Structures are given as C-alpha cells and as structure tokens.
Protein chains: 2
Amino acid sequence: MVTMSDVAREAGVSMMTVSNVLTGRKRVGEPTRDRVLAAVESLGYEVNLTARHLRAGRTDTVALIVPSFHDYFGEVADRIAPLIEAGGRHLVVERTSADARSEMESLSLPRLQMYDGVFLSVAGLHADELDRVPSSAPIVLLGEREVPGRFDHVRLANVEGARLATAHMLERGARRVLALGGAVGSSAGMESDRQTGWAQAHRAAGLAPGERLVVPVPDFTSEAAFHAVVRLLDDGVPFDGVFAVNDTVAFGAVAALTERGVHLPDEVQLVGFDNLGVSRFVPPGITSVDPGYDAVAATAVRLLEQRMTGSDAPREHVTIPVQLVERGSTRRLR
Amino acid sequence: MVTMSDVAREAGVSMMTVSNVLTGRKRVGEPTRDRVLAAVESLGYEVNLTARHLRAGRTDTVALIVPSFHDYFGEVADRIAPLIEAGGRHLVVERTSADARSEMESLSLPRLQMYDGVFLSVAGLHADELDRVPSSAPIVLLGEREVPGRFDHVRLANVEGARLATAHMLERGARRVLALGGAVGSSAGMESDRQTGWAQAHRAAGLAPGERLVVPVPDFTSEAAFHAVVRLLDDGVPFDGVFAVNDTVAFGAVAALTERGVHLPDEVQLVGFDNLGVSRFVPPGITSVDPGYDAVAATAVRLLEQRMTGSDAPREHVTIPVQLVERGSTRRLR
DNA sequence: CTGTTAGCGCCTTCAG
DNA sequence: CTGAAGGCGCTAACAG
C-alpha cells in the first residue's frame, strides 16, 4: 500500500504539503503542487479513508437501517439517497439482522457511531432494542409506531389514510370491508393505527366494524395474504371490500380474488396502503394510500441534518399527510 | 468520549487487557476480566470502530453497490445479506450515484478500499468507470454484461432464459412475439443477450424474428413499457406474444393489455424475466424466467470470500442457470 | 496471563 | 508558504 509519506518522499516535500494539496484546504505554491500531483499520479496513491475518519472524527456517511431492502423501504431509500448526497455525504443502507441474538447487530452502539447520522426504521424492532439506542447520537426514527419522545420521528398519517381508504369503499356501496392484515389482539405496529382508521370510517358511516372482518396476515407477506383470502372465500365468509394494511398484502388479496373469479371492483372493492411503484400496474390498478414519499424523505433528511449540526432544538415528531390515489380496484362514483 | 485507556485506568489494568477482554481473542483471568467489564459498564464505554478499523486493517464490512434499491437488486441484496453475516461480516448497500460527475462517487477507489470486499453491479455502469476499478481489491462483478477478464463475474443464462421464454410461447401457438425492451441498435446490456435468445427461439421454430417486433423501452420502467404497448395497440400492430426483458417491463405490458381489454393468455401470451416476488401475484400470474437468486447469491459470496482470503486463484466467470416458472400469462399445453 | 512498545495513515497545531 | 511534532483510539507482536 502506498501512503502519503511515500508520496511526500517521492515529491521531495513533507507529508503536510501532500495533505494540503489533496484536501485543498491551504494554499500551496504552484510548482510544489505540481510535483506532488505528479508523485500521486506516478505512485497511484489513494487516500485511506479509514485513517481520515479516525483523525477527522467523522465519516461523511449516513446509514439507513431497515428490516428489508424491499417495497416501502426501497422506495424511501431511493428518495433519501439523492438528498443525502446533495449534502456532501454518502448514504449506505443496512438491514437489521434477522437474527436478533447475533453479535453483529447493526444496532450496536459502536456501529451506529460509525456514521455521522442514522435513519432507523422502527418496523420490526423490539421495544428493548429501541431502549438501548442512545438519543445522544444524530438519529431519526422512521416508522409507524409509538417511540420515546427523546427521538426525532417521522411517521405517516396512518389513521387518516386508513379512514380515507375505508370511507372511499363505504361511499361506493361496500358494506363488509375486511381489515386485511389487521391485528386481532393489541399491537403496536402500523397495522394498529391503520385498523383504527378502518374502524373510524365504519362508525362514521353508522356501521359496526365487526371483529370477524379483521383478518391477520402473518408477516404481512403477499403469500400469507393470498392464503388468508382464499380461506375466507372457501369458508364462505361474505365481504365486499378489502382494506389491505399495505400494498404487499393487497397483492396477495388481488391474486386470490382474481384466481377465484371474484370481480374487482364490481363484487369486491380493494384499497391498499403505500402506493408502491408497481401498484398502478397490477390489474385492475390498485387504489392505494400514497404516503407522500418525497415529504417523508425531505422531512427525515431535514431533521437529521439539524441533529448532525449539533442543534439541540427540541425533538420533533412529524406526521406526513397522505393521499388516496384512485384506481381500478374501487368503483367510480356516479 | 470515554476511551479504552479510561477503562484501563478505572480497572487498574493495561489497555491491552481491556482490548483482549472485549475482543475475546486472548484468554484473560476471570477476576481481571470481571474488573474490566465492570469498568466498561460503569463508564459506559463503547469501542471506536473507526480506530479499530485503522489499526486492524479491515472493516469487517462488505458493500453491495447497485444502481437502485429496487426490484432485482432488492431481491439479490436480501439473499446476500445473511450469507455475509454468516461469515461474521456486515453487508451495506450503496447506490451508484445518479450524478456521474459527482466527487462523491461510490466507485472512487478510496471508498472501495473502505470495505473488505465489494459486490459491484455493472448495470448502468459506463465502460470507463469499470476500467478505473482496480482488480487488486476483492471485487465480484454482478450483472448481464461483458466485463474484463480480470474480474470475477456472476451472471445469468440470459440467452438460454430468453430462448426458453420465447419457445414456450411459440410452442403454445404464438406467432408474433414482441421483444419488449429489446434494443434496436447494438447494445451491451442485459437486453442484448435476452434479445438474442428471443431471436434464437424464433429461428429454431422456423420463424423469422421480424425487426418490427423489437420494441425498445426507455430505462426499462413499467411506465415506459405501458406506453409502448398502448402505442402498439393504437397503431394496430399485430402480436400475440410478449417477451418482456424483465418483469418490471412486463408489469407495464400487463397493465396496458388488461386496460385495453386484451385477454391474457388467450389473445396474447406474456413471459417476463427475473421472477420478482410480486410477479406471482400480478393477475393472471406472470410466467417468468427465474434467475435462481439463491445460486446467484451463494456463488457471488463464495467468489468474494475466496478473494478476501487473498487467494490468487484464477478469476471465475460463472453463469447461473435459469428456469422458467409457468403461470397464468401463458397457455397450458394440452 | 498481563504489560510494553510501536505504530496503523492521516491531519491539527504551531514553528520556521 | 512549508515542515516537524504529536496524537486520533486501537491492537499486533513480543516480553515478562
């Protein structure tokens, strides 16, 4: 490995001069500078970022830590990346280890401290994991769950979105709307708030949201949703609407209904949540609650940058408004 | 900030003993060890990984560098992550900067050297960018393009997959199969090989693959594919099969056909490539070429680990076999 | 089993 | 404008 002192020797100057030429932080005489650059070139020198980081006390890197690289998180990551780069830093994405006992947890403090800042998705995080996370470091929490007030937090208007989605179907004649992916017991995840909105819409319409209409979907996979809906159809449980707690779950429902010959939206209407890129293209087009991805990303980045500059402004808990995007899976209002 | 020497002083031992206790790399006497751990606890000490990295000359971190966090790359990342963790390292995912001129390029050598190893997706990489990448570092290239022999490289059996896909439709009666997302001129990306396979299948069936059937899709987005297919239908171009160069493109085609009332698979059959997680759920179920994600991940990890251990075994160029997964978008053979 | 020595490669500080 | 010294926090290698 060729180091800075090699370059210094080759150019006949001190290390400091090499450093100054490379960082451009100090004026260096033209001829000296040329000699240094020539030496850099001829030796093929490259800075060692690890050393720079130790010395500088920062890494110019921000991490986004998510439970998976898919779906909602992929969409968010794609929006956050350019904003972070615009601030002269890098974004790296890490997945929270599936194996919670692992020593390699991304959530270990040393690991978090390797970054100038961290976006941490709280989905799939245990409460005690969150307790161990220090609020001294620049950290912004993302996700649909109650979190301690000592953190900045960006979340969606889940109740409102679910209410909109459900009311949309009720207004269009649906009377038995499933909460697909809902929680039967208590729960602290996104499904909890979204189920609340689903229930609110029912009450606002003078309907009782029957508990039988709440259908859990393990792990919120399309696969599990598919099987849950197939089972409902087999059991002859009547329903004419589906509020899917997210689009991934909605995909499973759409497939199940379509394969069983149930027509969308004439026999059953359906609304999802997240408005994933593909949802517009899944026949008959999935009506979905759009999270305002750009606003999520912009807000999260704003909060993190504020925290990274060392501001001790009070922590903010921001709720991003959502919007219903109407497509073929729900009826047109005449 | 509390450092290791603080802990050492508090515990009344040398720094080395603290280090040994924490890393577990050397045997330390029970009572000493307890004193150290107590000191760590009471001071709230956490290792500084940056310093450890500099000293140890490794970061225990592997990067996967991809053009976007979506689709194919998300699937691959989800498979690679556990394998890397099993080796006691971390995986981080970086996106190649959209802005090629940026100083912050992920591809800069210093950045690559921050990692013990790198998986680099060559999709969307310019040839000169690849030329600048040193082959001395542990790097494994992923992607459907010719690369210099000095790299390890994992790719898919694109020609074979496309041939299978197209033959599948031809055997089922299709006579005019589009190459959706094909390249009209020359090209070096995945679409090139896949188009070759499409043409081969035609010739094997005694058909001439008409150039009019090759339909480019800018950026391979669902959106662009949707519009391309709509235009075809509007122009009355006859076709009864669609080979989509990837599933993202296939989604656009499915939406266009469905919205125009063209029945899949009776009027038009369709096959995609990549077998994304959602493809099984997009009505009527998208027949697709499955890349063998697990094999891709396992092979890539094997090659990288070999390279990270310093092996100078000859570079390998591995082609992963693919398999057609039959679903509702193509007809059943009677 | 524990401690000492000697840096890893870079950059801040202060002289010259 | 350039250089010398020192240290960021940690650990390999070797003593004891």
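Just so you know, these numbers use all the heavy atoms, side chains as well, and skip hydrogens, waters and symmetry mates. All figures in this text were calculated on a predicted structure; none of them were measured in a lab.
The residue A:Gly29 sits close only to the backbone: its heavy atoms come under 4.0 Å of sugar-phosphate atoms, none of a base. Among the atoms of the strands shown, only primed sugar atoms or phosphate atoms (P, OP1, OP2) are found under 4.0 Å from some heavy atom of B:Thr32. Using a 4.0 Å heavy-atom cutoff across all strands shown, A:Met15 reaches at least one base atom of the nucleic acid.
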Using nucleotides 12-16 of chain C, report all nitrogen or oxygen pairs with the protein that are shorter than 3.5 Å.
none

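A salt bridge is absent between A:Glu85 and A:Arg89; no separation between the charged side-chain nitrogens and carboxylate oxygens falls under 4.0 Å. Classification of B:Arg95 and A:Asp78 as a salt-bridged pair holds, one side-chain N sitting under 4.0 Å from a carboxylate O. The pair A:Arg145-A:Asp193 fails the salt-bridge criterion, with no side-chain N (NZ, NE, NH1 or NH2) lying under 4.0 Å from an Asp/Glu carboxylate O. Using a cut-off of 4.0 Å between Lys/Arg side-chain N and Asp/Glu carboxylate O, A:Arg35 and A:Glu10 are scored as not salt-bridged.
Contact of the B:Leu141 side chain with the B:Leu130 side chain is registered, since non-hydrogen atoms from C-beta on lie closer than 4.5 Å.
As a whole-Å value, the separation of A:Leu22 CG from C:dC11 P is 8 Å. In this structure, NE2 of B:His53 is placed 15 Å from P of C:dG9, rounded to the nearest angstrom. Atom P of nucleotide C:dT2 and atom CZ of B:Arg33 are separated by 11 Å, given to the nearest angstrom. Between the CG atom of A:Asp60 and the C1' atom of C:dC10 there is a distance of 14 Å, rounded to whole Å. Atom CG of B:Leu49 is separated from atom P of D:dG9 by 14 Å (rounded to the nearest Å). One can place CD of B:Gln113 at 10 Å from P of C:dC10, the figure rounded to the nearest angstrom. Distance, B:Glu46 CD to D:dC10 P: 11 Å, rounded to whole Å. Summarising the geometry, the separation between CG on B:Leu54 and C1' on C:dC11 is reported as 12 Å, rounded to the nearest angstrom.
Within 6.0 Å of CZ in B:Arg150 there are more than 12 heavy atoms belonging to other residues, nucleotides or ligands. Other residues, nucleotides and ligands place more than 12 heavy atoms under 6.0 Å from the CZ atom of A:Arg79. Taking a 6.0 Å sphere around CG of A:Asp34, one finds it holds more than 12 heavy atoms contributed by other residues, nucleotides or ligands. Atom CZ of B:Arg302 sits in a crowded spot, with more than 12 heavy atoms from other residues, nucleotides or ligands closer than 6.0 Å.
Applying the 4.0 Å criterion to OP1 and OP2 of D:dG3, one finds that A:Thr17 has a side-chain N or O inside that range. Contact check, A:Arg52 against C:dC11: a side-chain N or O comes under 4.0 Å of OP1 or OP2.
The aromatic rings of B:His153 and B:His317 stand perpendicular to each other, their planes meeting at an angle above 60°, with 30° marking the opposite boundary.
Contacts between residues 2-11 of chain A and DNA chain D, counted as heavy-atom distances below 4.0 Å, involve no residue at all.
Aromatic rings of A:Tyr293 and A:Tyr72 (six-membered ring for Trp) have centroids within the 6.0 Å cut-off, being under it.
Listed nucleotides: C:dG9, C:dT2, D:dG3. Nearest to the side chain of A:Ala51: C:dG9.
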- Query: Do B:Glu146 and B:Arg155 pass the salt bridge (charged side-chain N to carboxylate O under 4.0 Å, His left out) test, and can you show the C-alpha distance, the side-chain angles, and the key distance before you say yes or no?
  - Reply: CA-CA 9 Å; B:Glu146 286 306 325; B:Arg155 68 190 309 176; 3.3 Å; yes
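Over its length, the helix from C:dC1-D:dG16 to C:dG16-D:dC1 turns its helix axis by 40°, as judged from the five terminal pairs at each end, rounded to 10°.
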